[in-house]
Amino acid sequence: MPVALLNRVVSQVLQKPVCGCPTAIVPIRFLAISPRQVPSDANFHSVPFSNREHPRVLITGGLGQLGVGLAKLLRKQFGKDNVILSDIRKPPDHVYYSGPFIYSDILDYKNLREIVVNNRITWLIHYSALLSAIGEANVPLARDVNITGLHNVLDIAAEHSLRLFVPSTIGAFGPSSPRNPTPDLCIQRPRTMYGVSKVHAELIGEYYHYRYGLDFRCLRYPGIISADSQPGGGTTDYAVQIFHDAIKSGKFQCNLKPNTRLPMMYIDDCLRATLEIMEAPADSLSMRTYNINAMSFTPEELAQEVVKHVPELQVTYNVDTVRQAIADSWPMNFDDSNARKDWGWKHDYDLPELVTTMFNFHNSESRIAHAS
Ligand SMILES: NC(=O)C1=CN([C@@H]2O[C@H](COP(=O)(O)OP(=O)(O)OC[C@H]3O[C@@H](n4cnc5c(N)ncnc54)[C@H](O)[C@@H]3O)[C@@H](O)[C@H]2O)C=CC1
Ligand SMILES: CC(=O)[C@H](N)C(=O)O
């Protein structure tokens, strides 16, 4: 590329758009600075995305606590065949027959690229990860999946002009962050591999946005509570387990201290927020990574609410030192005022509604089980 043209291109790239952030306005291939070393004349197979068309969505790590519910929500909105779930695990029957499923290991760059190309993907929701507690139990694997896997996803998303969503977490903060409340922008020095990998995801995602024009969007989720899916090895898992144990045995042994306060959210709010940030006009986003919040409670406060539905519940405490140390370094309350201001984020579920909804779900499930 001649120097004069290159200079013009670079100065265009650094122009400030309406949202106030410099965004690349020419395709990466013209700059010949693609994130992977691909030839500058390569055909990227990118499909122009028009607002009138439904997006073609790929969800990685889709068989965990959140992916199946998100696929259901997105399929309602965009059509069953436009949303592909993927994972390295075998899907249960009800998932396999509910819409497209494909094997995808995010550590296999070529396979992931092939899936994106062959299915004309325009949105990528990157859910694969090892969560906080399980990540501490297997640090090398957590590093591979959460960091190397993310690099594959980022490069493919940049090369194919995808809109990319990567969730971050309250775990991206650490003991030196302000904990009550924790704002969007503050010191982030997490002490887990999970947290370190998520800070890395936030930073490199934003870097790709400014450097290559990648449409990167990121929400920091609190601990998510769901009725019909199991958590995958995190510090906030107790807040899901208590419902199962209350119904099954009337006894619950909590692995965090009774006064451990953490931000939490019901899954429906979390999935709706994810759809909303993905659909938000780019010029409404003053940032690319937002805190979102709904409620904040301790195990003791949750148990008091659960006892209203299961009065005989007995709660004991047997503290897991690894999880407790993680929880003690995380935010107690999350400040999500920027999300509320910029793109209208609003949660629906506070603690009482959450608990009632969880019991309504479990009661209807057990009625179905008894009837059949
Ligand atoms: N569930 C929660 O409370 C929160 C979740 N998040 C984030 O949301 C995302 C989804 O979370 P969950 O569904 O709870 O996680 P999960 O742990 O339940 O599921 C993760 C999935 O990733 C898959 N996976 C692992 N290695 C893989 C690989 N090499 N290739 C492809 N897939 C692989 C696993 O098989 C699993 O199904 C994660 O990125 C997590 O960090 C953030 C904050 C809170
Ligand atoms: C809050 C999270 O990111 C997750 N649930 C975990 O506890 O690791």
Side-chain angles (χ1 to χ4, degrees), residues 58-71 85-92 95 101-109 111-112 115 124-138 141-153 164-173 182 190 192-202 205 218-226 228-241 255-256 260 262-267 269-271 273-274 289 291-294 296 320 322-324 326-327 329-331 334:
L58 175 68
I59 303 175
T60 68
L63 296 186
Q65 187 189 2
L66 306 185
V68 173
L70 185 68
L85 267 176
S86 71
D87 208 301
I88 51 174
R89 296 194 273 153
K90 200 166 153 189
V95 173
F101 176 86
I102 203 161
Y103 171 87
S104 170
D105 180 346
I106 55 155
L107 295 173
D108 184 344
Y109 173 81
N111 170 252
L112 191 58
I115 291 169
L124 205 161
I125 313 269
H126 178 46
Y127 269 175
S128 310
L130 261 67
L131 271 58
S132 57
I134 202 160
E136 290 311 289
N138 195 341
L141 183 64
R143 194 191 53 203
D144 282 354
V145 173
N146 296 7
I147 298 180
T148 310
L150 172 82
H151 292 171
N152 289 340
V153 165
L164 173 64
F165 178 81
V166 180
S168 185
T169 161
I170 49 173
F173 297 93
T182 306
T192 59
M193 178 45 67
Y194 178 59
V196 168
S197 68
K198 289 296 186 177
V199 177
H200 175 67
E202 295 175 6
C218 174
L219 295 178
R220 295 193 189 105
Y221 294 161
I224 306 302
I225 299 167
S226 56
D228 59 352
S229 58
Q230 292 294 329
T235 304
T236 58
D237 292 8
Y238 89 85
V240 177
Q241 196 58 40
N255 54 22
L256 294 181
T260 311
L262 291 168
M264 302 278 186
M265 181 178 282
Y266 183 56
I267 188 166
D269 275 339
C270 164
L271 302 180
T274 306
T289 301
N291 293 349
I292 51 163
N293 196 28
S296 201
D320 172 328
V322 173
R323 282 184 166 84
Q324 187 65 46
I326 295 173
S329 73
W330 281 4
F334 227 23

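Just so you know, ligand 1 is whichever comes first in the structure, and atom 1 is the first atom listed for that ligand. Computed over heavy atoms, backbone and side chain alike; hydrogens, waters and symmetry mates excluded.
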**Request:** Evaluate the criterion side-chain contact (heavy atoms from CB on, under 4.5 Å) for residue pair Gln65 and Val240; output intermediate values, then yes/no.
**Result:** CA-CA 11 Å; Gln65 187 189 2; Val240 177; 4.0 Å; yes

**Request:** Kindly determine whether His200 and His151 satisfy side-chain contact (heavy atoms from CB on, under 4.5 Å), including the steps that lead there.
**Result:** CA-CA 10 Å; His200 175 67; His151 292 171; 2.7 Å; yes

**Request:** Starting from the C-alpha separation in whole Å, work towards a yes-or-no answer on side-chain contact (heavy atoms from CB on, under 4.5 Å) for Thr274 and Tyr127.
**Result:** CA-CA 12 Å; Thr274 306; Tyr127 269 175; 4.0 Å; yes

**Request:** Would you please test Phe173 and Arg220 for side-chain contact (heavy atoms from CB on, under 4.5 Å) and show each step?
**Result:** CA-CA 10 Å; Phe173 297 93; Arg220 295 193 189 105; 3.5 Å; yes

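Note: Trp330 and Tyr194 have tilted aromatic rings, judged against thresholds of 30 and 60 degrees for the angle between ring planes.
Not one N or O on the side chain of Ser86 forms a donor-acceptor pair closer than 3.5 Å with the backbone of Tyr103. Between the side chain of Asn152 and the main chain of Ile106, a donor-acceptor pair closer than 3.5 Å is present. Of the possible polar contacts, one joining the Arg323 side chain to the Gly234 backbone as a donor-acceptor pair under 3.5 Å is found. Under a 3.5 Å cut-off, the side chain of Ser329 and the backbone N or O of Ile326 do form a donor-acceptor pair. Formation of a donor-acceptor pair under 3.5 Å by the Arg89 side chain with backbone atoms of Leu63 is found in this model.
Closest to atom 29 (N) of ligand 1, if we only count protein heavy atoms, is Asp105 OD1, 2.9 Å. Nearest to atom 25 (C) of ligand 1 among the protein's heavy atoms is Ile88 CD1, 4.1 Å. Among protein heavy atoms, atom 19 (O) of ligand 1 sits closest to Gly64 CA, 3.3 Å. The protein non-hydrogen atom at the shortest distance from atom 7 (O) of ligand 2 is Thr235 N, 2.6 Å. In terms of protein heavy atoms, atom 21 (C) of ligand 1 is closest to Gly61 O, 3.5 Å. Taking atom 32 (N) of ligand 1 as the reference point, the nearest protein heavy-atom neighbour is Ser128 OG, 3.1 Å. The nearest protein atom to atom 1 (N) of ligand 1, hydrogens excluded, is given as Gln65 OE1, 2.8 Å; this is a heavy-atom distance. At the top of the distance list for atom 30 (N) of ligand 1, counting protein heavy atoms only, stands Ile106 N, 3.1 Å. Ranking the protein heavy atoms by distance from atom 2 (C) of ligand 2 puts Thr169 OG1, 3.5 Å first. Of the protein's non-hydrogen atoms, the one nearest atom 8 (O) of ligand 2 is Ser132 OG, 2.5 Å. At the shortest separation from atom 40 (C) of ligand 1 among protein heavy atoms lies Tyr194 OH, 3.5 Å.
The contact set between ligand 1 and Pro167, taken as ligand atoms under 4.0 Å from a residue heavy atom, comprises 7 (C), 8 (O), 9 (C), 39 (O). Of all atoms in ligand 1, numbered sequentially from 1 with element shown, those under 4.0 Å from a heavy atom of Thr169 are 42 (C), 43 (C). Under a 4.0 Å criterion applied to the non-hydrogen atoms of Leu131, ligand 2 contributes the atoms 4 (C), 8 (O). Atoms of ligand 1 found under 4.0 Å from any heavy atom of Ser104 (numbered from 1 in listed order, with element): 30 (N), 31 (C). Ligand 1 places these atoms under 4.0 Å from at least one heavy atom of Leu131: 14 (O), 15 (O), 17 (O), 40 (C). Which parts of ligand 1 touch Ser168 is read off a 4.0 Å heavy-atom cut-off, strictly below it: atoms 42 (C), 43 (C). Those atoms of ligand 1 with a heavy atom of Ala129 less than 4.0 angstrom away are 20 (C), 22 (O), 38 (C), 39 (O), 41 (O).
For the 3.5 Å distance criterion, the side chains of Ser168 and Glu202 qualify, holding a donor opposite an acceptor.
Polar contact with ligand 1: present for Lys198 (N/O pair, distance under 3.5 Å). Considering both main-chain and side-chain atoms, Pro231 never comes within under 3.5 Å of ligand 1 through any nitrogen or oxygen pair. Some N or O of Leu66 is nearer than 3.5 Å to an N or O of ligand 1, by distance alone. Annotation: Tyr127 places an N or O atom under 3.5 Å from an N or O atom of ligand 1; distance criterion only. Between Thr236 and ligand 2, at least one pair of N/O atoms sits closer than 3.5 Å. Considering backbone and side-chain N/O of Gly67, none are found under 3.5 Å from N/O of ligand 1. Not a single N or O atom of Tyr221, backbone or side chain, sits closer than 3.5 Å to an N or O atom of ligand 1.
When heavy-atom distances to ligand 2 are checked against a 4.0 Å cut-off, Asp237 has no atom that comes that close, whether in backbone or side chain. Looking at Tyr194 against ligand 2, only its side chain comes within 4.0 Å, counting heavy atoms.
Evaluated for a side chain to side chain donor-acceptor pair (under 3.5 Å) with Ser197, the options Thr169, Asp144, Thr192, Asn146 yield exactly one hit, Asn146. Of the options Ser132, Pro331, Pro190, a side-chain contact (heavy atoms from CB on, under 4.5 Å) to Ile170 is made by Pro331 and by none of the others.
Under a 4.0 Å heavy-atom criterion, Asp87 is in contact with ligand 1. At least one heavy atom of Pro222 sits closer than 4.0 Å to an atom of ligand 1. Residue-ligand proximity: Trp330 is placed with a non-hydrogen atom under 4.0 Å from ligand 2.
Nearest to atom 4 (C) of ligand 1 by heavy-atom distance, out of Ile225, Ile224, Ile59, Val240, is Ile224.
Side-chain contact check for Leu131 versus Thr236: every heavy-atom pair is 4.5 Å or farther apart. By the 4.5 Å heavy-atom criterion applied to side chains, Ser104 and Asn111 are counted as neighbours. Residues Asp237 and Gln241 form no side-chain contact, since every pair of their non-hydrogen atoms from C-beta on lies 4.5 Å or further apart.
Remark: Ile88 CD1 to Asp108 CG distance equals 11.5 Å, nearest 0.5 Å.
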